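Data first, discussion second: the structure below is written as structure tokens.
All figures in this text were calculated on a predicted structure; none of them were measured in a lab. Computation of the quantities below employed the complete heavy-atom set of this structure, encompassing side-chain atoms and omitting hydrogens, waters and symmetry-equivalent molecules. Every chain is numbered from 1, with letters handed out A, B, ... down the list of sequences.
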Amino acid sequence: MIKKNAQYIDKGSFQQDLLGWYHANKRDLPWRKDQDPYKVWVSEIMLQQTKVDTVIPYFYRFIEKFPTIHALAAAEQQDVLKAWEGLGYYSRARNLQNAVKEVVSSYGGEVPRNPDELGALKGVGPYTKGAILSIAYNQPEPAVDGNVMRVFSRVLKVEEDIALQKTKKLFESHVRELIYEDDPSSFNQAVMELGALICTPKSPSCMICPVQIHCSAFKAGIQEDLPVKTKAKKQRIIPYIILLVRNSKNEYIIEKRAENGLLANLWQFLMVPINEIGWDHLENWVYSEYGLKVKIGTKKGKLKHVFSHLIWQLDIYEAATEQEQLPDDRLLFVEKGNLESFPFPVSHQKMMKYLGE
DNA sequence: AAGCCGGGGAC
DNA sequence: GTCCCAGGCTT
């Protein structure tokens with residue numbers, strides 16, 4: 001039985017109602033066609049902080065391009081990033097390939113079923129570890145994500161802040177107690193499916209919920225008030241001048257971003273942090289930063305791009321250079337028609353409509 | 001514990 | 001505008 005401040009629940013009846021609903025209503029998703037641990041792994045990484053409908057086309061393309069662990073391990077990172085382009089959180093792609101290489105070199109290409117070995121892989125945290133172990137290997141391990149915390153915060157009327165680490169551990173212990181050991185894969189997926197389809201953040205469909213009679217929050221009429229979660233901070237606004245620099249051969253200058261941090265190893269048009277530089281020193285800064293002499297032209301447009309923790313305010317200008325040689329390793333001349341072979345952040349993809357002919 | 005790390009869709 | 005999504009890593 002459930003302890004602490006949570007309410008009691010009839011475990012067998014809850015499992016039966018939840019799993020019965022799941023088997024009758026689960027979505028036909030591409031990563032549910034088999035239990036290939038590699039495909040389960042790829043899907044779970046893509047699904048981190050990302051909706052199912054967004055992931056589906058990426059998953060198809062990714063598996064077609066990298067069908068096996070060995071294929072992904074042998075790929076160029078730029079090709080992996082290109083397949084991830086637009087999905088966001090690009091460290092997921094870099095970590096996944098890093099981990100896949102580790103699986104090839106240390107585990108003969110087989111995804112570890114040992115929890116400690118699996119959890120030690122880059123990008124495999126507590127949730128993903130539990131998801132792979134339960135879904136691919138049928139082990140009764142908890143896989144606690146946002147859905148699971150929302151569902152059980154309501155069913156068990158847990159009123160602790162789900163942003164806290166200790167609250168997540170509390171839910172893991174609840175799942176260990178409640179999990180259906182004959183089919184932990186279906187149990188974990190059923191809770192998440194319920195969270196996605198019925199027990200939604202706003203306006204949950206309690207009237208058609210298969211576990212309504214088990215739900216303490218519904219009984220108390222406070223399901224809309226759970227889960228409790230502290231609010232995120234507001235984003236900082238950072239203004240940039242974007243320079244669409246073109247040479248006499250009608251090629252554009254793009255720059256490879258740093259190998260760590262925001263949008264790592266993706267490509268972009270030149271970005272000038274105008275607040276730090278100031279308009280008067282703009283061309284001088286470009287020369288000191290890149291050894292590049294440019295003439296700023298006319299303004300072509302503006303964009304606002306929102307990240308989870310900051311906002312880019314982008315003013316886009318065309319610019320020209322007469323240099324033939326690029327003095328900086330980060331920079332590259334590329335014809336307009338070849339830009340699509342490089343991975344770009346979405347914000348810079350949106351700038352391409354301002355390029356000339 | 002808090003900050004960093006994308007992008008999109010629902011409301 | 002707000003929230004949050006099948007989270008993890010770093011400090």
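Spacing between atom CG of A:Leu81 and atom P of B:dC5 amounts to 16 Å, rounded to whole angstrom units. Atom CZ of A:Arg32 and atom C1' of C:dA6 are 9 Å apart (whole Å). When the P atom of B:dA2 is taken as reference, atom CG of A:Leu310 falls 20 Å away, rounded to whole Å. In this entry the distance linking CG of A:Leu197 with C1' of C:dA6 reads 12 Å, nearest Å. In this structure, A:Ile311 places its CD1 atom 13 Å from C1' of B:dG6, rounding to the nearest Å. Note: CH2 (A:Trp312) to C1' (B:dC5) measures 12 Å, nearest angstrom. Distance A:Trp84 CH2 to C:dG7 P: 13 Å, rounded to the nearest Å.
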Hey, what are the protein-to-nucleotides 9-11 of chain C N/O distances that come in under 3.5 Å?
unit_1, atom_1, unit_2, atom_2, d
C:dC9, OP1, A:Gly123, N, 2.8

Between the protein and nucleotides 7-11 of chain B, which nitrogen or oxygen pairs come in under 3.5 angstrom?
unit_1, atom_1, unit_2, atom_2, d
B:dG7, OP1, A:Tyr90, OH, 2.8
B:dG7, OP1, A:Val346, N, 3.1
B:dG7, OP2, A:His305, NE2, 2.9

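Within the structure, side chain to side chain donor-acceptor pair (under 3.5 Å) contacts touching residues 196-214 of chain A (residues at least two apart or in different chains) are A:Asp17-A:His214. Residues in residues 35-57 of chain A take part in these salt bridge (charged side-chain N to carboxylate O under 4.0 Å, His left out) pairs, two or more places apart or across chains: A:Asp34-A:Lys39.
Using a 4.0 Å heavy-atom distance criterion, A:Lys168 is classed as a sugar-phosphate-only contact.
When distances are taken from the side chain of A:Arg92 to each of C:dG1, B:dG6, C:dG7, the shortest belongs to B:dG6. Between C:dG8, B:dG6, C:dA6, one nucleotide has an atom nearer to the side chain of A:Leu262 than all others, and that is B:dG6. Of all nucleotides listed (C:dG7, C:dA6, B:dG3), C:dA6 comes nearest to the side chain of A:Glu193.
Residue A:Ile222 shares its hydrophobic cluster (ILVMFWY side chains chained together at separations under 4.5 Å) with A:Leu226, A:Val228.
Spacing of P atoms, B:dC11 relative to C:dA6, comes out at 14 Å, to the nearest Å. Taking the P atom of each, B:dG6 and C:dT11 are spaced 16 Å apart, rounded to whole Å.
Applying the ring-ring contact (aromatic ring centres under 6.0 Å, His included) criterion to A:Tyr58, with sequence neighbours excluded, gives no partner residue.
Between B:dG3 and A:Arg236, no contact under 4.0 Å exists linking OP1 or OP2 to a side-chain N or O.
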